[in-house]
Number of protein chains: 2
Amino acid sequence: MTVPFYSNQDIVDNISMKEAVELVEKAFCDYAQNKSKMPEKIYLNLPEFHGDFRAMPAYDSRYNIAGVKWVNSHAQNVKKNMASVSAMLLVNSPETGLPLAIVEASELTAIRTGAAGAVAVKYCTPKTAKSIAFVGAGVQARYQYECIREIRSIESVTIMDVHEATAQKLYTFIKEKDSCDVQICTDIEEATKDRDIIVTSTPVKSPILDKGHVGAHTHINAIGADAPGKQECSIDLIKSSQIIVDDTDQAMHSGDINTAVQDKVFLKQEILSTLGELLLDSSLIDVNQRSLFDSTGLAVQDMAMAGYFLEKIRG
Amino acid sequence: MTVPFYSNQDIVDNISMKEAVELVEKAFCDYAQNKSKMPEKIYLNLPEFHGDFRAMPAYDSRYNIAGVKWVNSHAQNVKKNMASVSAMLLVNSPETGLPLAIVEASELTAIRTGAAGAVAVKYCTPKTAKSIAFVGAGVQARYQYECIREIRSIESVTIMDVHEATAQKLYTFIKEKDSCDVQICTDIEEATKDRDIIVTSTPVKSPILDKGHVGAHTHINAIGADAPGKQECSIDLIKSSQIIVDDTDQAMHSGDINTAVQDKVFLKQEILSTLGELLLDSSLIDVNQRSLFDSTGLAVQDMAMAGYFLEKIRG
């Protein structure tokens, strides 16, 4: 048996941000309509190594594939100048179980997470939204920017990161790409003031974004919190926002709301809807009022990306 | 990044049955001493395709690796002349999360399951045990035989399978290997009468082996039941045996005892011990009385096999 192997570069060469955003939008619709399936992801926690691994299985009927993504999170790798996340995706035939492909999935993970952010922006903000603040300017902030600009005409960007070099990197990236106004800020109030969109993508475990930082009309993509105990947005902010989750169970367990759920100050019924439900019925939300998309990352997104990729390269 | 890929043949060429039995014995000891870790496996159930997939993560400190096995079970593949199980194992550094190897794991799964059966025989039977009955003569029966013969001098084998050709295949395999007496039986009473060891490895969902078939001194390796609803041994037989499990939670959820647990006719405290606990204290069992090893398959076994393999090929 030989199983074809595809690299991160193969993914980058074959899926544009525009395609990714369209794909992830379809993946959320499919999931909301039970055309794809996934059990809740499981964690292999290795606190002795300051990291964890997650196994994320899924089935996608659109591309007729099943598989699992295996992905780690080792935040301290950054200090060693190594990626904190590296992922691999195994793809199989759902009919026979036989392996079809092995896909390096670090880029795929980063792109589909950016794409989910863009889909949230599409459905949670008015078409006039034109300014973004990035709280946390690491690799994922770049993907959020690249995907969101496929959806909205961004005129102004503010960047805030505890590491100046990281902020500078995102600044340069955006400046080289677009002609919009970009500013690096040293405090969060300055960065987030009057913004249409705020993207948080930090590894923090206690809230850094508060209700006072966020306009009454602002949409937040809360990307960083994806494991129990992680939280970027304060309870006040959560309670005052229309909450959209990618998956209800997963968000309650490991999304930005997980601590509030654990502390019983935020209840399941306070979730406005899943992103998939919102795509099926956009009247659920008031795009002119504050909203928060709680992203945890779904295996069905990964599987849809892999399915599209495999179909494309096979021609 | 390039990740080395190893095939089923690489595993077969590098791990003998003897080595596998020793390895799996150590793996059970390590697990009982918390030197390895695994969350409970998760299932991606695809009843529409008469199959399922399982994600099985684990960490092994002996070989300093973490990883996941992704394995399917599609029993109806046999009708299409295809393997019902095919598995892949991703191996990573626990320190950084970076991928170290991709290992084809269908043979590895088959061998480590056989090896676990042999370890159970080592600790649950007297040294004089010399006869085996195989109920179900498929591929796994062959591995059970190959591994058990490393532990006990087998003089006599009986084989029973609903498919005559399958029984014949195992017969030929054993005859070509050893000089012991081998007989194919057409009914289960004939096959199991006066046997020291009985190995069940069938895909049945209702019991085929009853108390009446099994001697008061007999040890059973119950291999087939590895998912909720599967069961090979009757409640009476379970209730009258010293029950050894590979993992308590997993066996209660998907081992031979799962239906009895579900029906509340078998309680957790009726389990004698895990195989790992038994290896640490062999006085827990009376090897001259009926015993039943409920095998569900543990990710820590897979990880130990992969760790040993990688260490060996790297020299």
Side-chain angles (χ1 to χ4, degrees), chain A residues 1-5 7-9 37-59 61 64 66-77 80 82-99 102 104-106 299 303, chain B residues 1-5 7-9 37-59 61 64 66-77 80 82-99 102 104-106 299 303:
Chain A
M1 187 181 66
T2 52
V3 185
F5 177 85
S7 70
N8 283 322
Q9 196 56 49
K37 281 189 209 186
M38 53 172 211
E40 234 175 295
K41 60 180 146 184
I42 43 170
Y43 290 76
L44 174 65
N45 291 311
L46 300 177
E48 60 273 53
F49 297 113
H50 311 287
D52 67 60
F53 290 85
R54 298 116 196 241
M56 304 171 65
Y59 160 66
S61 65
N64 193 36
V68 68
K69 187 170 82 170
W70 178 239
V71 55
N72 75 302
S73 174
H74 283 72
Q76 299 193 5
N77 276 5
K80 306 172 219 162
M82 291 167 70
S84 57
V85 167
S86 58
M88 203 75 87
L89 209 152
L90 300 176
V91 183
N92 302 66
S93 156
E95 279 103 356
T96 64
L98 285 177
I102 301 166
E104 223 181 336
S106 310
M303 214 46 64
Chain B
M1 185 182 66
T2 52
V3 186
F5 177 86
S7 70
N8 282 322
Q9 195 58 48
K37 280 189 210 186
M38 53 171 211
E40 234 175 293
K41 61 179 147 185
I42 43 169
Y43 291 75
L44 173 65
N45 291 310
L46 300 178
E48 60 272 52
F49 297 114
H50 311 287
D52 66 60
F53 290 86
R54 300 116 196 241
M56 303 170 66
Y59 160 66
S61 64
N64 193 37
V68 68
K69 188 171 81 169
W70 178 240
V71 54
N72 74 303
S73 174
H74 282 72
Q76 298 194 6
N77 277 5
K80 306 172 218 162
M82 292 167 68
S84 57
V85 168
S86 57
M88 203 74 87
L89 210 152
L90 300 177
V91 183
N92 303 65
S93 156
E95 280 104 354
T96 64
L98 285 178
I102 302 167
E104 223 181 336
S106 311
M303 213 47 63

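What's counted below: heavy atoms across the whole structure, side chains too, no hydrogens, waters or symmetry copies. Naming convention: chains lettered A, B, ... in sequence-line order (proteins, then strands); numbering from 1 in each chain.
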| message | If the condition is ring-ring contact (aromatic ring centres under 6.0 Å, His included), which residues does B:Phe53 pass it with, not counting sequence neighbours? | response | B:Trp70, B:His74
| task | Looking only at non-hydrogen atoms, find the nearest pair between A:Gly97 and B:Ser86 and report the distance. | result | O-OG, 3.4 Å
| said: What's the separation between atom CE in B:Met56 and atom CD1 in A:Ile42, rounded to the nearest 0.5 Å? | reply: 9.5 Å
| Engaged part of A:Ser93 at the chain B interface, taking heavy atoms whose separation is under 4.5 Å | backbone
| query | Within the distance-only criterion (no hydrogens, no angle test), does the side chain of A:Asn72 pair as donor or acceptor with the backbone N or O of B:Thr96 below 3.5 angstrom? | reply | yes
| Region of A:Asp52 in contact with chain B, defined by heavy-atom distances below 4.5 Å | neither
| said: For A:Glu48, give me all partners under side-chain hydrogen bond (donor to acceptor under 3.5 Å, both in side chains), at least two apart in sequence or on another chain. | reply: B:Lys37
| Looking at B:Val68 and A:Ala55, what are the two nearest heavy atoms and their distance? | CG2-CB, 4.2 Å
| query | Considering all heavy atoms of both residues, which atom of A:Ala58 and which atom of B:Leu44 are nearest to each other, and what is their separation? | reply | O-CD2, 3.4 Å
| message | One pair to check against side-chain contact (heavy atoms from CB on, under 4.5 Å): B:Asn92 and A:Met88. What are the steps and the verdict? | response | CA-CA 10 Å; B:Asn92 303 65; A:Met88 203 75 87; over 6 Å; no
